[in-house]
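One structure is given below, encoded as C-alpha cells.
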Amino acid sequence: MTKTSRNNLQLAIDGPAGAGKSTVAQMVAHELGMFYLDTGAMYRVISYKVLKNRVLPEDELAVTKIAQETEIAFDHSNRDIVLCDGEIVSNQIRTPEVSRTVSIVAAYAGVREQLVKSQRLEAAKGNVVMDGRDIGTFVLPDADIKIFLTASTEERATRRLQEIKATGIDTTYQEVLKDMKNRDRSDSEREHSPLRPAEDSIIIDTTQLSIEEVVKKIVSLVLNTRNAK
Ligand code: CDP
C-alpha cells in the first residue's frame, strides 16, 4: 500500500546495534501515541528457541521450521514483555549467547519471509513506529518517514556494555566490541535485506547526541509530516 492510499502513519527506524533505536523508538511512539514494534526482538525469539531446542544455528532447514512454528507476541500494555509460544522471554532474548546467534538465523530467507509477513500485518493496524535493520528498505518501503540511526562503533559498544552490565551479566568492553563488530558485519554483508540506509532515509549520527535530543528531532520530523499528510 502506498503512502497516499493508506491513512495510518508509518515511521521506520533502522541502524546498527547500540545506535539507540529501540529506546528512541519507544519514546517517540509513547510521545505521539503510536504503537511500537521491535522487529529485532522477533529475530531474537527465534534465536532463543533455536538454542533452547538445541538446534544447530547453521541448520537452515530446521531453523526455518522453527520460525514457521513459533508464535511471537508482545504485551502492548507493557512494551517490554515479549512472549514466545505464550512464555515470557523478555530477559532470555537479551543474553550474549542469543546476541551471538541471532545474526546467523536472521540471514535465512525463510526466517525473514515468515517474520516480515507478520511485521507487515502489524504495520497495517494503526500508526506505527517500527525499528530494525530492513524496515525502510524492505518491510515498509513506503513508510512516511525513514530514519537511519548510527553512532561510532566505540560509542555503541560503550552503551551496550552499560546495558548488559545493568542486567547483572559480567562482560568486558573488548568482548562487547568484538561481538558487535561481528554482528554488524554479518548484518551488512548478508544476501537478504542487508543493513543499509534506504535512499530516502534521514541519517542521524547519535554519537554526540543525548537520547532526548534524538527523540526531539524525530518527533518534530513526524509532526511536520503528519501535518502535511
Ligand atoms: O538491539 P540491537 O540493535 O542489538 O539488535 P536488535 O534490534 O535486537 O536485532 C538483533 C538482530 O536481529 C540484528 O543484529 C539482526 O541480525 C537481526 N534483525 C534483522 O535482521 N532485521 C531486523 N529488522 C531486525 C533485526
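Each ligand, and each atom within it, is numbered from 1 in the order the structure gives. This is a predicted model, so every value here is computed, not measured.
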Of the listed options [options], closest to [atom] (non-hydrogen atoms):
atom	options	result
atom 11 (C) of ligand 1	I46, I135, V102	V102
atom 2 (P) of ligand 1	M130, M180, R160	R160
atom 24 (C) of ligand 1	D14, V98, T39, D134	T39

At what distance is the nearest protein heavy atom to [atom], and which residue and atom is it?
atom	result
atom 9 (O) of ligand 1	G40 CA, 3.5 Å
atom 7 (O) of ligand 1	R133 NH1, 3.2 Å
atom 10 (C) of ligand 1	R183 NH1, 3.5 Å

| Is it the case that R159 and T206 place a side-chain donor and acceptor less than 3.5 Å from each other? |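 Side-chain D/A pair, R159 to T206: present.
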Would you check if there is a donor-acceptor pair between the side chains of R190 and S103 at a distance under 3.5 Å?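 Short answer, no.
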Side-chain touch D131/D38, heavy atoms, less than 4.5 angstrom: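 When only atoms from C-beta onward are counted, D38 and D131 do touch, with a gap below 4.5 Å.
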Between K217 and L209, is there a side-chain heavy-atom distance shorter than 4.5 Å?
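Answer yes - side chains close enough.
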Is the shortest side-chain N to carboxylate O distance from K216 to E213 below 4.0 Å?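 No.
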Going by the rule side chain to side chain contact (heavy atoms under 4.5 Å, CB included), which residues pair with E87 if we only count those two or more places apart in sequence or in a different chain?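 Expected list: Y48, K52, V89, Q92.
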With R120 as the cation and F138 as the aromatic partner, state whether NZ or CZ is under 6.0 Å from the six-membered ring centre and within 45° of the axis.
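Judged by the rule (NZ or CZ under 6.0 Å from the ring centre, within 45° of its axis), R120 counts as positioned above F138.
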| said: At under 4.0 Å between heavy atoms, is it the side chain or the backbone of R156 that contacts ligand 1, or both, or neither? | reply: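 It is neither part, as no heavy atom is under 4.0 Å.
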Check whether any side-chain N or O of S99 sits under 3.5 Å from a backbone N or O of T95 as a donor-acceptor pair, and report yes or no.
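Looks like yes, one N/O pair under 3.5 Å.
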Is there a heavy atom of [X] sitting under 4.0 angstrom from any atom of ligand 1?
X	value
M42	no
R190	yes
R112	yes

- Message: I need the single residue from R196, R160, R156, K178 that forms a salt bridge (Lys or Arg N to Asp or Glu O under 4.0 Å) with D184. Which is it?
- Response: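 One option only clears the test, and that one is R156.
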In ligand 1, which numbered atoms sit nearer than 4.0 Å to a non-hydrogen atom of [X]?
X	value
S103	14 (O), 16 (O)
R44	2 (P), 4 (O), 5 (O), 6 (P), 8 (O), 10 (C)
D187	13 (C), 14 (O), 15 (C), 16 (O)
A106	16 (O), 17 (C), 20 (O)
K21	3 (O)

Any nitrogen or oxygen of Y43, side chain or backbone, less than 3.5 Å from one on ligand 1?
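No, there is no polar N/O contact under 3.5 Å.
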Could you list the donor-acceptor pairs under 3.5 angstrom formed by side chains in residues 12-23, with sequence neighbours left out?
| unit_1 | atom_1 | unit_2 | atom_2 | d |
| --- | --- | --- | --- | --- |
| D14 | OD1 | R133 | N | 3.2 |
| D14 | OD1 | D134 | N | 3.1 |
| D14 | OD1 | I135 | N | 2.9 |
| D14 | OD2 | I135 | N | 3.2 |
| D14 | OD2 | G136 | N | 2.8 |
| K21 | NZ | G15 | O | 3.1 |
| K21 | NZ | P16 | O | 3.0 |

